[in-house]
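Some notes on the structure that comes next.
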Amino acid sequence: MKIKSFIFLLAAFFLSAQISLASIEKNGNETAKTSSTTTLKGQVTDAKTGEALVGVLIKIDGTDQTVYTDFDGNFTISKISKEEHKINAELVSYKKCEGRKLNIKSKGSILIKLEPLD
């Protein structure tokens with residue numbers, strides 16, 4: 001089981017790196033609207049144990065912004081528009097967190113707790 005988890009995390013890391021590079025290439029020549037965007041930081045933990053969860057897929061509805069949590073369960077989404085968004089989080093063996101509403105007005109930090117599947 002540990003080998004499968006390691007392979008999953010390794011694949012998630014490489015996929016995250018590819019998404020980041022694609023985003024840089026896509027947005028490299030665009031002018032960022034800093035006044036209407038901000039940075040969202042967060043952490044994902046196990047709802048029962050409080051332990052940080054690695055490799056959780058974080059998606060913002062209505063955008064192409066997707067990231068994975070790091071080894072401390074943390075994630076950062078840059079250049080997110082200051083408005084209401086819905087955030088989704090998913091990880092194998094945990095219940096999905098879908099459509100959690102966020103009203104983003106400035107830099108902030110959120111905590112997402114995922115429930116393990118029974």
Side-chain angles (χ1 to χ4, degrees):
M1 183 65 179
K2 288 183 180 183
I3 292 174
K4 287 181 181 179
S5 295
F6 176 75
I7 292 172
F8 172 78
L9 292 176
L10 189 61
F13 173 78
F14 284 114
L15 181 59
S16 176
Q18 289 176 346
I19 290 171
S20 295
L21 287 174
S23 178
I24 289 169
E25 290 174 3
K26 178 181 173 187
N27 298 323
N29 294 330
E30 296 178 13
T31 303
K33 297 180 181 178
T34 56
S35 62
S36 64
T37 63
T38 189
T39 299
L40 175 67
K41 294 184 178 189
Q43 183 180 39
V44 183
T45 62
D46 183 297
K48 291 185 179 181
T49 65
E51 292 182 36
L53 296 176
V54 179
V56 178
L57 175 65
I58 307 293
K59 293 190 256 183
I60 304 295
D61 280 353
T63 72
D64 61 352
Q65 293 178 306
T66 303
V67 296
Y68 289 90
T69 57
D70 63 15
F71 287 103
D72 297 318
N74 298 316
F75 66 91
T76 302
I77 300 174
S78 300
K79 297 181 183 171
I80 187 166
S81 60
K82 294 180 183 178
E83 58 188 48
E84 185 173 284
H85 294 280
K86 289 183 181 177
I87 190 169
N88 303 308
E90 58 184 89
L91 180 64
V92 175
S93 300
Y94 285 85
K95 294 179 185 176
K96 291 181 183 178
C97 170
E98 295 182 301
R100 178 176 170 184
K101 289 185 181 180
L102 298 174
N103 192 359
I104 301 172
K105 295 186 180 188
S106 62
K107 289 185 181 181
S109 182
I110 64 168
L111 176 63
I112 300 173
K113 296 180 181 184
L114 293 183
E115 294 281 339
L117 292 174
D118 293 326

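Quick note: residue numbers are just sequence positions, from 1. The model shown is predicted, which means the values in this text are computed figures rather than measured ones.
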Should T45 and L114 be marked as a side-chain contact (heavy atoms from CB on, under 4.5 Å) after you check the CA-CA gap, both sets of side-chain angles, and the distance that decides it?
CA-CA 6 Å; T45 62; L114 293 183; over 6 Å; no
I would like to know whether I77 and I60 meet side-chain contact (heavy atoms from CB on, under 4.5 Å); could you show each step before the answer?
CA-CA 9 Å; I77 300 174; I60 304 295; 3.7 Å; yes
Evaluate the criterion side-chain contact (heavy atoms from CB on, under 4.5 Å) for residue pair T37 and I80; output intermediate values, then yes/no.
CA-CA 5 Å; T37 63; I80 187 166; over 6 Å; no
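Between the side chain of T63 and the backbone N or O of Q65 there is at least one donor-acceptor pair closer than 3.5 Å. Of the possible polar contacts, one joining the T49 side chain to the E51 backbone as a donor-acceptor pair under 3.5 Å is found. T69 places no side-chain N or O within 3.5 Å of a backbone atom of V44 that could act as its donor or acceptor partner.
To the nearest 0.5 Å, atom CG of residue D61 and atom CD of residue E98 are 8.5 Å apart. Between C97 atom SG and K113 atom NZ the span is 12.5 Å, to the nearest 0.5 Å.
Counting all heavy atoms, side chain and backbone alike, G99 lies closest to N88 at N-OD1, 2.6 Å. Across all non-hydrogen atoms, the minimal contact from S78 to T39 is CA-OG1, 4.1 Å. When all heavy atoms are compared, the tightest approach of F75 to Y68 is CB-O, 4.3 Å. Residue L117 comes nearest to K95 through the heavy atom pair CD2-CG, 3.6 Å, listed as atom of the first residue, atom of the second, then distance. Nearest heavy atoms, D72 versus A52: O-CB, 3.1 Å. Between I58 and I112, the closest heavy-atom pair is CD1-CD1, 4.4 Å.
In this structure the side chain of K86 never reaches within 4.5 angstrom of the side chain of R100, judged on heavy atoms. In this structure, V56 and E90 have side chains that are not in contact, with every pair of non-hydrogen atoms separated by 4.5 Å or more. By the 4.5 Å heavy-atom criterion applied to side chains, L57 and T66 are counted as neighbours.
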